[in-house]
Amino acid sequence: MSNHSKVGVYLCQQGPAAQSAIDLRAVSEYARSLPGVSHVEIRPTAWVPDPVQLADQIRRSGFDALVVAGPSPGHFKPAFARAMAEAGQSPEQVRLASFREHGALGSLDRAKAVVACAVHNVPFGLAAKLRHTVVNPATLVIGGGVAGIQTALEIADAGFTVFLVERSPTIGGHMAMFDKTFPTLDCAACILTPKMVAVGQNANIKLMVCSEVQQVTGAPGAYQVKVLHRATRIDASQCTACAACAEVCPPRVASEFDVGIAERRAAYMPFPQAVPNVYVIDGEACTWVQSGGKKCGVCVKKCTKGAIHLDQQDRVEEIEVGNIVVATGYDVFDARRIERYGYGKLPNVLSALEFERLTNASGPTGGKIVTKTKKYNKRKKAEEWVFDLAGAAPRNVAIIHCVGSRDTNYNKYCSRVCCMYSLKFAHLVKEKLPESNCYEFFIDMRAFGKGYEEFFERIKHEGVHVVRGRSAKVEARGDGMVLRGEDILSDQLVELPVDMVILSVGLQPTRETPELARMLGLSCVDDGWFEEANYNIEPTGTERGGIFVAGVCQGPRDIPDTVAQASAVAASVLRSIVGGHGLESRGDLSLDEIEKGARDLAPQMQA
Amino acid sequence: MANIVRVNPGLGEEVQRFGADDVAKCYHCGNCSATCPMSKEPFLIPRKSMRYLQMGADERLRGNLEPWLCYYCGECSDQCPRGAEPGETMMSLRRWLTAQYDFTGISRLFYRSAAVEVGAVVVLGLLTGIGFYLAGTYLGGGDLNIYDGPRAFLPAYGKGGSFFSFGGVHTFDWAMGVLLAGLLGINCLRMWYFTMFNDQAPKVGIGAYISKLWVLPWHFISQRRYSECDKKTPWLVHLIMMLSYLTMLILIMFFLHSVHYGPEIVWQAHAFGYLATVGLLFGTVYAMYGRANKVNTYHKHSHASDWLFPVLIFYCAVTGIAQHIAHRTGFPALANVIYIIHMMGVVPMLVLEVPFGKWSHLAYRPLAIYFAEVQSPALLAQARARQSAPATARAA
């Protein structure tokens, strides 16, 4: 800074002051204390810089450098550069201090540091140096969906240890529940299960199912993680998946894997290709556990291996890892929230996942698309609507897009996958029931990927009726249902008798996302998804060094994109392991450290 | 039908000044039209109007009856996935249309500026007060202590040998009535021209007009269409309010002699008068309470004109009651003073609201329903023809 004596600092308020986390007055106080700064002023929101006026001020005050600071001050630069040129100074001496670019929107100290670096004319990234630490080569992957599987395999195949933590009894996530993938119509299970098996067989992968991350401490490169292992009550090393326990197990509860359209026992395996391929016992449903060991216990006697220990307790394991990958996926939107579609009240209004299981060959009807039938449940002593092989095939099927997405009352964002999976549903309906009528009610068709538009064209030629206009309600009428909507291209109201309605529900962050974000020190965007370090050029990293995000937990995306991102995350993790240093978060550096770094570097920058 | 639509890019902003939300929010999912119980072919409300608004098709909008077919139950706004407030947009379009129909341009001034509208009410109110006071004292030479009869301070039917030799206040009532009806009539004629003679309107014969004529009085009296909304309470309140207002209007215009002249007021006049007063108070208090507390979706956004109308009617009702009490309890001087205060509200309410303000919907709504009924069969036939046309083209 020695050869510059007079720096003018302009702090530009962008957006309402009340909404900004940065107190510009505090930043201006700080900037005043920096060497060489002769003038600091705050510019209000919606201020338009006038080069002539500015040039005047520059001349009067004798500035030879300017710092323009703000959340995104880039668009002010041309005006300032012109003013500098007009005032006879070098236009290159207009330096931007962008809070957004350097992740300083939420932190006052960070913002001060960004301004300090600009005053010293040192790039922020250089001043806020990364610290080199020894990296533990083990990696924790949270979530065993396709993203977690892909990351874990890539890292493990490179020869490093991976702890793969999954909450449910099997890995596979949502993808394992799907029937087909779009637009290639691959059988989802056929392409996923080999990967799942590879995970199970890879010696480098420590698979932890029925487990949850409880606590994370430490620093990048050396994290200590407490993992809670829920009691599965069956010794996985002894279980041969003979199913004897499930056959005798009396309680029946709704199957999570079949999203409630089928039942399972308390002793169960989610689906036959589950990895690890062992049975578990659900303590919540188990008669023995619920009665405190007084009743039942019949499975213990049936198990020829003596693998069942009903009194097993939850336990906590501590592991040490260098990097953490968050791949926790999503929850689907609860369509009950939109009452007018009748989900939860009308039996044949299904959510997308329910249809996915219904049409899946491993689903309750073996993949046959039928409407629900009313049956008497002897155990509950009540009539209920169930999917049954004897059910009638629907003649008219309507698929409603954007349920809970692109809606300011629910989730305002586009969930990105629903258009395409809806088209896939339409194809499956027409393929299995060629005589049926299938209607797609959409608002805008988002078929943006490779082969997607072609798939849309294909299903149109398969005789699917594509109606532009979201339907407003589904009502029971007589024995059936009527769907009311507007076909906006023909300015006509549509009243359609339907036998089955599929709601294309959107994706939303999992219920546990905020808690996990707190635990890991990550931030979330307004919509609730994990925030990446930089949307454009660092979509896999986070503000915290050594913690990465993969898949939908960062924002809605489809399977190919998820897998691509998961591999990218693995590359980042491997780089840190092989390079021997963790990507330490710049956020950990204090203001004084960054300022000192900038001051030290300043002479070099001048030269 | 190669009609060229002229677009006015500033239309959205213009209608926003009448109270509409940002029309660009709408992405045309059709949820509103499908939700609306009033939306029936050939009149699909409200999405089509939203489209015209986005396009800036002001001529299409000006000839559009659809805003008048909506009663703003608020269902569409509640369910709108974009928060685009289609219900309030329809309300704003009704204001905008009122301004379009008004040939004087006064309506537009009022709707765009609350200050102008309220200012006009205040100025006209004060002028009325001064005028009535002068008429009673200097011009008429009346005695403030006499309330009714030919020798009254402000005689209803006039008295010889004074300013009131031309007739009384009631003569003035009728003169004003004719003038306002004339202004409103011209605006109604413009509405008829805009809506029935544009490139979208089908040609209809005189027969259609005659056969549907029953719609006008029937919908005016019963507000039948309003009752087709899913929510029935607003209809009931509005009906009570409208019938009360109508009763009062008839009593004053045609039976003034039996309302004004005590103490021998006939019981029928009493019965109807009290009922109507209760109805008016109830209706206006309901409207004002709802707007103040934003009770329902249709109360959420209140334009100045939405307030002014019920407030003025409430004012007239309350001062009318006070005047009646003063008169019946034997305080003629007080009754005369309150009468002037009463008229300071009544005159601006009628002069400004009937042809230029919200009052005019008493005429526009039934007319719109009537015109819609007249157009309906022809429009439906057109739509059917359009649908079958491509099929024949394919066959050929």
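Both backbone and side-chain heavy atoms feed into the values below; hydrogens, waters and symmetry mates do not. Since the model is a prediction, treat every value here as computed from it, not as a measurement. Chain identifiers are assigned alphabetically (A, B, ...) following the order of the sequence lines, protein sequences preceding nucleic acid strands; residue numbering begins at 1 within each chain.
- Per-residue counts of heavy-atom pairs under 4.5 Å with chain B were compared for R468(A), K412(A), R340(A); the largest is that of R340(A).
- Among L493(A), N409(A), I338(A), D444(A), the residue with the largest count of heavy-atom pairs under 4.5 Å with chain B is L493(A).
- Because its NZ or CZ atom is both nearer than 6.0 Å to the ring centre of F456(A) and within 45° of the ring axis, K460(A) counts as a cation-pi partner of that residue.
- Checked against a 6.0 Å centroid threshold, the rings of Y410(A) and F333(A) count as neighbours.
- Heavy atoms closer than 4.5 Å to chain B are found in the backbone of S471(A), but not in its side chain.
- Relative orientation of the Y209(B) and F371(B) rings is perpendicular, given thresholds of 30° and 60° on the angle between their planes.
- For E339(A), the CD atom counts as loosely surrounded, since its 6.0 Å shell holds 12 or fewer non-hydrogen atoms of other residues, nucleotides or ligands.
- Taking the six-membered ring where tryptophan is involved, the planes of W214(B) and H219(B) are tilted, since the angle between them lies from 30° to 60°.
- Because its NZ or CZ atom is not both nearer than 6.0 Å to the ring centre of Y298(B) and within 45° of the ring axis, K231(B) does not count as a cation-pi partner of that residue.
- For a residue to count as touching a neighbouring chain, one of its non-hydrogen atoms must lie under 4.5 Å from one of that chain's; by this rule Q492(A) touches chain B with backbone and side chain alike.
- Of the listed residues (S39(B), P42(B), A383(B), C32(B)), the greatest number of heavy-atom pairs within a distance under 4.5 Å of chain A belongs to S39(B).
- At a 4.5 Å heavy-atom cutoff, the contact between R47(B) and chain A is made by side-chain atoms alone.
- If you measure heavy-atom distances from C76(B) to chain A, you find no contacts under 4.5 Å at all.
- The candidate from S33(B), A84(B), G83(B) with the greatest count of non-hydrogen atom pairs under 4.5 Å with chain A is S33(B).
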